Student: 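First, the structure itself, so that you have it in front of you.
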Amino acid sequence: MEEKEIKYVVWYARVSSYEQAQKNLSIPMQVQQIKEYAAMHGYEIKQIYEEKHSAFKWKRPIFHQMLKDIKKDKDITWLVVAKWDRISR
């Protein structure tokens, strides 16, 4: 029987406005999508990074910490986002 390779992923969820963060709608929706997608594709989620900052400015401490963590952890094979605009504008 062939052994299946585990794909470790980190996930980045972000809201860009104070109103979105206060309503707490967008991040929970993204996290739900994350969990469903990972289960469907057999991914093991190492970490979900959640941030409440605009992508317009580059001052996103969680995002930068995530990049450092990815560099350190050689098991991580993918960075996944619910939508591309969660990374940058």
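Values below: every heavy atom of this structure, side chains too, minus hydrogens, waters and symmetry copies. Quick caveat: nothing in here was measured; it's all calculated off a predicted structure.
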Student: So, do Val10 and Asp69 sit near enough that their side-chain heavy atoms are less than 4.5 Å apart?
Tutor: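 No, too far: nothing below the 4.5 Å cut-off.
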
Student: Could you state the interatomic distance from CH2 (Trp78) to OH (Tyr43), rounded to the nearest 0.5 Å?
Tutor: 6.0 Å

Student: Can you measure from OH (Tyr49) to CG (Leu67) and round to the nearest 0.5 angstrom?
Tutor: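 Result: 9.0 Å between the selected atoms.
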
Student: Nearest 0.5 Å please: distance from the CD atom of Gln33 over to the CE atom of Met29.
Tutor: 5.0 Å

Student: As an exercise, state the distance from NZ of Lys7 to CG of Asp75, rounded to the nearest 0.5 Å.
Tutor: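 Between Lys7 NZ and Asp75 CG, I get 14.5 Å after rounding to 0.5 Å.
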
Student: Just how far is it from atom CD1 of Ile76 to atom CD of Glu44, taken to the nearest 0.5 Å?
Tutor: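 Interatomic distance, Ile76 CD1 to Glu44 CD, rounded to 0.5 Å: 11.5 Å.
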
Student: Is any side-chain heavy atom of Ile34 closer than 4.5 Å to a side-chain heavy atom of Ile45?
Tutor: yes

Student: State, with a plain yes or no, whether a side-chain heavy atom of Ile48 is found less than 4.5 Å away from one of Val31.
Tutor: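 Touching, per the 4.5 Å side-chain cut-off.
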
Student: For Phe63 together with Tyr12, are the ring centres under 6.0 Å from each other?
Tutor: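 Distance test on ring centres: under 6.0 Å, yes.
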
Student: Looking at Glu51 and Arg14, would you say the former's side chain and the latter's main chain have a donor-acceptor pair under 3.5 Å?
Tutor: no

Student: Counting the benzene-type ring for Trp, do Tyr37 and Trp11 have ring centres under 6.0 Å apart?
Tutor: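 So the answer is yes for these two rings.
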
Student: Output all residues satisfying salt bridge (Lys or Arg N to Asp or Glu O under 4.0 Å) with Asp73, sequence neighbours left out; order by chain, then residue number.
Tutor: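 Asp73: salt bridge (Lys or Arg N to Asp or Glu O under 4.0 Å) contacts with Lys46.
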
Student: So Met66 and Leu79, do their side chains get closer than 4.5 Å, heavy atoms only?
Tutor: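 Contact flag for Leu79/Met66 side chains = yes.
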
